[in-house]
Amino acid sequence: MPSTRADRNQTELAIRAASDALPHWSHSTPQRRADVLDRIGSEILARKDELGMLLAREEGKTLPEAVGEAARAGQIFKFFAGEALRIPGEIMASVRPGIQVDVTREPVGVVGIIAPWNFPLAIPAWKIAPALAYGNTVVFKPAELVPTCGWALADIISRSTLPAGVFNLVMGSGREVGQAFVDSPLVHALSFTGSVATGERILQAATARRAKVQLEMGGKNPLVVLADADLEQAVECALQGSYFSTGQRCTASSRLIVEAPVHDAFVARLRQRLASLKVGHALERGTDIGPVVDRAQLDQNQAYIEIARNEGAEHVWGGELLERPTPGHYMSPALFLARPEHRIAREEVFGPIACVLRADDYEHALALANDTPFGLCAGICTTSLKHAMHFKRHAEVGMTMVNLPTAGVDFHVPFGGRKGSSYGPARAGPLRRGVLHHRQDRLHAGLSH
Ligand code: TXE
C-alpha cells in the first residue's frame, strides 16, 4: 500500500523538481506571478468557511478563529500579488566615470518551508506567498498534525496555473522530510517556524552549508499592566492574549506583569473572567477555548502545572482536565501567581496557562519583561504616554503592543523577534529586512506623569 508519508528519495525528487523549475519561474514576469497569487487568494477567500471548518476539525481552534485564519491566508496571497508588482531596484551613480550601477533584488532560489501546526493555513501562506512573489520555487512540508490543511492549500495552489515544479508539497516527518530540506545543497533558503530545539538544529546544519535561514521560534511574552491602566481593558487584553486559540500561539502573553497597586484587583477580575469562559468542542457555537491540539501537548501542559505547584507558584484558577460529550484533550485555562525564577515564568508552555508577576513600579515591570531569553513581542496597558513610549523603545522584542493583546498581528508588515525568538530576516518575504514595529490602541495623551 502506498504510504501517505514521503521518504527521503521522494523528498529529493520534489527538491529536484523545484530546482528544475527555478530558471523559468525566476525570470517570469511580475504580472504572471501577481496573477497566480491573486487567483490563489481569491479561491481561499471564496472557500474560507469550508477551509475554516477543516482547520477547526483538524487543529481544534474554534470555528470563528479558524474561519478568520483562512480569510487571513487568502488576504496574504492577495497582498503578495500586489507586492510582486512592486519589486524595487535602484540606479546609483558610479564612482567611476561613464558608468551606471543597477542594484536589483534577485530570487534566492529554492526555498524549503517547514511549518508548525498551530496556524496551518496562515503561517504557510505567509511563507509561500512571498517566496513565489519574488520568483523563488518552493518545497513545503506541513506539520504532521495538520496534513489536511496542508493538502487543501496545495490543492488550491495546484489550480493556479503555476508551472509544474514551482510549488511542491511533501508530507512526512520532520526527521525525514524536514531534514532532507535542511541537508540538500539544492535548497538555497529555509524558512522555519516551530520549537526552539528544532530551530537550533536547523540553524546549525543550514549555516554549516551556508544556506540562508529564517527561524521563528518560541516566546515567553510579557503583558505589563500599570496602575493607571483601564483595568477592564487590561483584563480583556490578558484574557485574549493568554488563552484564546488555547494559548497555542507564539505571540501569546504567558507572563502578566502587574504593578502592585492594581495587582490584587487585576487577579480577582481575571479569575472571574476565566470562570466565565466556555471550554468545549471547536465547532460548537459559543465555545471560547477549544481542545489542546494533541495528547503530547496536553501532557506537556499538565507537566508544567505540576512543576508550577511543586516550585511554590500560587494556584489561582483552572488547569484541570475536563470531560466533554465528545472525546478531546480539554483542559480549563490556568492562572498562577509566580516568581520570576519559576519555570512557569521562564519557559514556553504553549498552552492555556499564564502566570502573574508582581512589579513594584514601571522600571521593575520593564526589567521583569526583559528578563527572558526570548524576545518576540510584548504588551503594555497604561494611560501614560510617557511609559508607553518608553516601553516601545526599551522592551527587548520585535513587536510591542500598547493597550492591545500581544497576540494578533498585521500581515502586511514584517513579523519577527529578537534574542532567542528569531533568526534571519523578519517573516514577510526572504527579500525583506526586519524592522521593529509597534501598534497601539487609543492612548490618553496628556495623562502621562
Ligand atoms: O515542534 P517541532 P512540534 C513548540 C511548542 C510545542 C513544541 C513541539 O512548545 O509544544 O514546540 O511542537 C519539523 N528537521 N512550538 O513538535 O518539532 C516538524 O515536522 C527539519 C512553538 O510541532 O519544532 C514540523 O513541521 N524539520 C511554536 C516543524 O518542524 C523538523 C510552534 C515544527 O516541529 C525536524 C510550534 C528536523 N530535524 C511548536 N524535526 C511557536 N512558538 O510558534 C521536526 N521538524
Side-chain angles (χ1 to χ4, degrees), residues 5-6 8 11 15 58-61 69 112-120 122-124 126-128 139-147 149-150 153 169-184 187 189-206 208-209 211 213-221 241 245-254 292-304 329 343-344 346-353 372-377 397-399 406-407 409 415-417 419-423 427:
R5 291 183 159 226
R8 202 160 177 120
T11 309
I15 295 171
E58 186 169 55
E59 195 266 355
K61 64 181 65 176
E69 179 180 339
I113 292 174
I114 301 173
W117 47 262
N118 61 330
F119 285 92
I123 291 180
W126 225 1
K127 294 177 186 293
I128 294 166
V139 281
F140 163 50
K141 191 197 95 58
E144 291 92 318
L145 289 177
V146 286
C149 286
L153 196 55
L169 168 75
V170 195
M171 301 276 206
S173 74
R175 245 169 241 281
E176 190 141 21
V177 174
Q179 197 63 46
F181 288 7
V182 174
D183 294 339
S184 173
V187 175
L190 291 151
S191 182
F192 165 85
T193 300
S195 65
V196 174
T198 307
E200 290 291 345
R201 206 171 308 138
I202 291 176
L203 181 63
Q204 298 301 328
R209 69 170 182 84
V213 58
Q214 173 188 54
L215 306 174
E216 288 301 341
M217 299 170 289
K220 193 70 196 173
N221 309 299
S245 300
T246 323
Q248 296 169 160
R249 295 186 283 195
C250 51
T251 49
S253 24
S254 48
V292 172
V293 72
D294 72 349
R295 181 81 224 179
Q297 185 66 53
L298 186 70
D299 289 347
Q300 179 168 309
N301 298 348
Q302 292 296 313
Y304 270 103
H329 307 296
R343 284 179 64 190
I344 196 138
R346 307 205 70 80
E347 298 171 17
E348 184 179 55
V349 180
F350 222 57
I353 304 174
T372 167
F374 293 109
L376 188 56
C377 59
V397 293
M399 301 168 287
T406 54
V409 292
F415 175 98
K419 301 192 335 198
S421 289
S422 302
Y423 181 88
R427 191 198 297 159

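Throughout, residue positions are numbered sequentially from 1 according to the sequence presented. All values reported here derive from a predicted model rather than from experimental measurement. These numbers come from the heavy atoms of this one structure, side chains and all, not from hydrogens, waters or symmetry mates. As the structure lists them, so they are numbered: ligands from 1, and atoms in each ligand from 1.
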Student: For ligand 1, which atoms, with element, lie under 4.0 Å from some heavy atom of Q297?
Tutor: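 Those of ligand 1 that fall under 4.0 Å from Q297 are 6 (C), 10 (O).
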Student: Given the protein's heavy atoms, is any one of them under 4.0 Å from atom 39 (N) of ligand 1?
Tutor: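 Within 4.0 Å: yes, protein heavy atom nearby.
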Student: Does an N or O anywhere in S173 fall below 3.5 Å from an N or O of ligand 1?
Tutor: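 For ligand 1, there is no N or O atom that lies under 3.5 Å from one belonging to S173.
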Student: Considering residues, nucleotides and ligands other than Y423, do more than 12 of their heavy atoms fall under 6.0 Å from its OH?
Tutor: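 No, OH of Y423 has 12 or fewer neighbouring heavy atoms, counting only those of other groups under 6.0 Å.
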Student: Does K127 count as lying over the ring of F192, i.e. NZ or CZ under 6.0 Å from the six-ring centre, within 45 degrees of the axis?
Tutor: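 No; the conditions do not both hold, so K127 does not lie above the ring face of F192.
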Student: Which atoms of ligand 1 have any heavy atom of Q300 under 4.0 Å away?
Tutor: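 That gives atoms 9 (O), 10 (O) of ligand 1.
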Student: Can you see which heavy atom on W117 is nearest to which on Q248, and at what distance?
Tutor: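 Closest heavy-atom pair between W117 and Q248: CZ3-NE2, 3.5 Å.
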Student: For ligand 1, which is the ligand I care about here, please tell me if K141 has any N or O atom under 3.5 Å from one of the ligand's N or O atoms.
Tutor: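 Yes, since at least one N or O of K141 sits under 3.5 Å from an N or O of ligand 1.
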Student: Going by the order shown, which atoms of ligand 1 are within less than 4.0 Å of some heavy atom of Q179?
Tutor: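 Reading through ligand 1 atom by atom, the close ones are 14 (N), 20 (C), 36 (C), 37 (N).
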Student: Please report the interatomic distance CG(N221) to CE(M399), rounded to the nearest 0.5 Å.
Tutor: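 Rounded to the nearest 0.5 Å, the CG-CE separation comes to 8.0 Å.
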Student: Report the C-alpha separation of S173 and E144 in whole Å, then their side-chain angles, then the decisive distance to 0.1 Å, and conclude whether the side-chain contact (heavy atoms from CB on, under 4.5 Å) test is met.
Tutor: CA-CA 6 Å; S173 74; E144 291 92 318; 3.9 Å; yes
Student: Please report the C-alpha distance between L376 and C250 in whole Å, then the side-chain angles of each, then the deciding distance to 0.1 Å, and finally whether the side-chain contact (heavy atoms from CB on, under 4.5 Å) criterion is met.
Tutor: CA-CA 8 Å; L376 188 56; C250 51; 3.8 Å; yes
Student: Could you name the option among C250, S421, P116, G194 that has the heavy atom nearest to atom 27 (C) of ligand 1?
Tutor: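 Going through C250, S421, P116, G194 one by one, G194 has the nearest heavy atom to atom 27 (C) of ligand 1.
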Student: Relative to the heavy atoms of G178, which atoms of ligand 1 are at a distance of less than 4.0 Å?
Tutor: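 Atoms satisfying the 4.0 Å criterion: 14 (N), 20 (C), 26 (N).
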Student: Protein heavy-atom contact under 4.0 Å for atom 33 (O) of ligand 1?
Tutor: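 No; the ligand atom in question lacks any protein heavy-atom contact below 4.0 Å.
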Student: Check ligand 1 against F192 and write out every atom of the ligand that is under 4.0 Å from a heavy-atom position of the residue.
Tutor: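 Answer, ordered by atom number: 23 (O), 28 (C), 29 (O), 32 (C).
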Student: Would A115 count as a polar contact of ligand 1, with the cut-off being nitrogen or oxygen pairs under 3.5 Å?
Tutor: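 Yes; at least one N/O pair falls below 3.5 Å.
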Student: Counting only N and O atoms by type, is there a donor-acceptor contact under 3.5 Å from the side chain of K141 to the main-chain atoms of V170?
Tutor: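 Looks like no, no N/O pair under 3.5 Å.
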Student: Could you tell me whether a side-chain N or O of S421 sits under 3.5 Å from a main-chain N or O of M217, the two making a donor and an acceptor?
Tutor: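 No, the answer is negative, given that no donor and acceptor are paired below the 3.5 Å cut-off.
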Student: I need the contact type for A296 against ligand 1. Using non-hydrogen atoms and a strict under-4.0 Å cut-off, is it side chain, backbone, both or neither?
Tutor: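 A296 to ligand 1: no contact under 4.0 Å from either part.
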Student: Report yes or no: does G219 have a heavy atom closer than 4.0 Å to ligand 1?
Tutor: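 No.
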Student: Taking a cutoff of less than 4.0 Å between a non-hydrogen atom of the residue and any ligand atom, is F181 in contact with ligand 1?
Tutor: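 Distance cut 4.0 Å: F181 fails for ligand 1.
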Student: Of all the atoms in ligand 1, which lie at a distance below 4.0 Å from a heavy atom belonging to R201?
Tutor: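 Result: 37 (N).
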Student: Have a look at ligand 1 and work out which part of R249, if any, has a heavy atom under 4.0 Å from it: side chain, backbone, both or neither.
Tutor: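 Neither part.
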Student: Give the C-alpha distance, both sets of side-chain angles, the deciding distance and a yes or no for side-chain contact (heavy atoms from CB on, under 4.5 Å) between V293 and T246.
Tutor: CA-CA 9 Å; V293 72; T246 323; over 6 Å; no
Student: Which atoms of ligand 1 sit under 4.0 Å from any heavy atom of A143?
Tutor: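 Listed by number with element, the hits are 25 (O).
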Student: Where do F374 and E348 come nearest, in terms of heavy atoms and distance?
Tutor: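 Heavy atoms of F374 and E348 come nearest at CE1-N, 4.3 Å.
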Student: Considering G174, G172, G218, A252, which one's heavy-atom position lies nearest to atom 30 (C) of ligand 1?
Tutor: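 Nearest option to atom 30 (C) of ligand 1, by heavy atoms: G174.
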Student: Below 4.0 Å, non-hydrogen atoms only: which portion of M217 touches ligand 1? Side chain, backbone, both or neither.
Tutor: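 Backbone only; the side chain of M217 stays clear of ligand 1.
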Student: Below 4.5 Å, heavy atoms only, C-beta onward: do E216 and S191 meet side chain to side chain?
Tutor: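 Contact flag for E216/S191 side chains = no.
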Student: Distance under 4.0 Å to a non-hydrogen atom of E348: what atoms of ligand 1 satisfy this?
Tutor: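 Result: 9 (O), 21 (C), 41 (N).
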Student: With rounding to the nearest 0.5 angstrom, report the CZ to CG distance, R249 to N118.
Tutor: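 Nearest 0.5 Å value for the CZ-CG distance: 10.0 Å.
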